[in-house]
Amino acid sequence: VQLQASGGGLVQAGGSLRLSCAASGRTFSRSAMGWFRQAPGKEREFVTSISWNSGSTYYADSVKGRFTISRDNAKNTAYLQMNSLKPEDTAVYYCAAGPQARNSLASTYGYWGQGTQVTVSS
């Protein structure tokens, strides 16, 4: 699976962005998808994940109620809708594919996109 993340940008606090992760390869529809982020000087952290059939979703406490993950297997694309953005959401966001959506460890995801920058100004 090859992944291409897009949709990042500069937004004011309280605003919204939608990230997309386009996948190539026939295994996308059988893979869990996750979003991670990494801020300068910090380790990469789990944001959210979704199972292959959209039946299960998981969120970090810091984004619950503000972010929504979804996927469209017909389009081989996963999405991350981010609302009520805060300056602390500023980071490079990465999409990843792996075997289990309940896994929040980055090491369990075998395929990664190149990252897209999200900057939230106060």
Side-chain angles (χ1 to χ4, degrees):
V1 178
Q2 292 185 317
L3 305 174
Q4 179 80 28
S6 62
L10 173 64
V11 63
Q12 289 188 332
S16 298
L17 281 174
R18 187 174 85 151
L19 306 184
S20 298
C21 178
S24 61
R26 291 180 291 178
T27 60
F28 172 82
S29 62
R30 300 193 298 274
S31 299
M33 294 298 297
W35 287 95
F36 291 76
R37 66 187 181 186
Q38 188 166 18
K42 295 187 177 181
E43 292 188 355
R44 191 169 298 190
E45 66 174 357
F46 171 80
V47 176
T48 180
S49 61
I50 187 168
S51 61
W52 68 275
N53 63 352
S54 303
S56 298
T57 57
Y58 303 85
Y59 294 92
D61 289 343
S62 59
V63 306
K64 278 181 182 176
R66 300 188 298 122
F67 290 13
T68 303
I69 190 171
S70 62
R71 65 188 296 162
D72 185 337
N73 287 346
K75 295 182 179 180
N76 272 15
T77 304
Y79 304 97
L80 178 61
Q81 178 66 44
M82 305 185 295
N83 299 328
S84 302
L85 282 162
K86 305 175 181 179
E88 50 263 44
D89 294 319
T90 295
V92 177
Y93 283 71
Y94 298 89
C95 60
Q100 297 282 349
R102 64 175 178 264
N103 292 331
S104 60
L105 293 176
S107 59
T108 63
Y109 288 78
Y111 302 92
W112 291 84
Q114 86 290 359
T116 185
Q117 176 71 47
V118 172
T119 302
V120 184
S121 63
S122 57

**OP:** Report whether L80 and V120 are members of the same hydrophobic cluster (ILVMFWY, side-chain heavy atoms less than 4.5 Å apart, transitive linking).
**Re:** yes

**Message:** Using a 6.0 Å distance limit plus a 45 degree cone around the ring axis, check whether R71 lies over the aromatic ring of F28.
**Reply:** yes

Query raised in the report: Are Y109 and F36 close enough that their ring centres sit under 6.0 Å apart?
Result: yes

dist Y79:OH -> L19:CG (nearest 0.5 Å) comes out at 12.0 Å

For this session: Tell me whether W52 is reachable from I50 by hopping between hydrophobic residues (I, L, V, M, F, W, Y) whose side-chain heavy atoms are closer than 4.5 Å.
Result: no

Inset, instruction - May I have the step-by-step check of side chain to side chain contact (heavy atoms under 4.5 Å, CB included) for T68 and Y59, ending in yes or no? - result: CA-CA 8 Å; T68 303; Y59 294 92; 3.9 Å; yes

To the nearest 0.5 Å, atom CE of M82 lies from atom CZ of R66 at 9.5 Å

Q.
Quick check on the hydrophobic clustering: are L85 and I69 connected, directly or via other members, by side-chain heavy-atom contacts under 4.5 Å?
A. yes

Closest heavy-atom pair, P99 versus T108, reported as atoms and distance to 0.1 Å, is CD-O, 3.3 Å

### Message
When you group the ILVMFWY residues by side-chain heavy-atom contacts below 4.5 Å and let the links chain together, are W35 and Y111 in the same group?
### Response
yes

Check this for me, if you would: do K64 and D61 make a salt bridge, where the nitrogen-to-carboxylate-oxygen distance has to be below 4.0 angstrom? yes

CD of Q4 to OG1 of T77, rounded to nearest 0.5 Å, is 11.0 Å

Quick check against the 3.5 Å criterion: does T48 have a side-chain atom that pairs as donor or acceptor with the backbone of Y58? yes

The single option from S49, C21, S70 that satisfies side chain to side chain contact (heavy atoms under 4.5 Å, CB included) with M33 is C21

Here the pair of heavy atoms bringing S16 nearest to Q81 is CB-NE2, 3.9 Å

Heavy-atom closest pair (D89 atom, S84 atom, distance to 0.1 Å) is OD2-O, 4.4 Å

* Asked: Does W112 CH2 have over 12 foreign heavy atoms under 6.0 Å away?
  -> yes

Residues S31 and T27: closest non-hydrogen pair is OG-O, 2.9 Å

- Check whether more than 12 heavy atoms from other residues, nucleotides or ligands sit under 6.0 Å from atom CD of Q114, and answer yes or no. yes

Rounded to the nearest 0.5 angstrom, the CZ-CZ distance for R44 and R37 is 13.0 Å

**Request:** Group every Ile, Leu, Val, Met, Phe, Trp and Tyr by side-chain heavy-atom contacts under 4.5 Å, then state whether L17 and F67 land in the same group.
**Result:** yes

Separation between NZ (K86) and OG (S122), nearest 0.5 Å, reads 14.0 Å

Here the pair of heavy atoms bringing A5 nearest to C95 is CB-SG, 4.0 Å

Output for pair (Q100 CD, L105 CG), nearest 0.5 Å, gives 12.5 Å

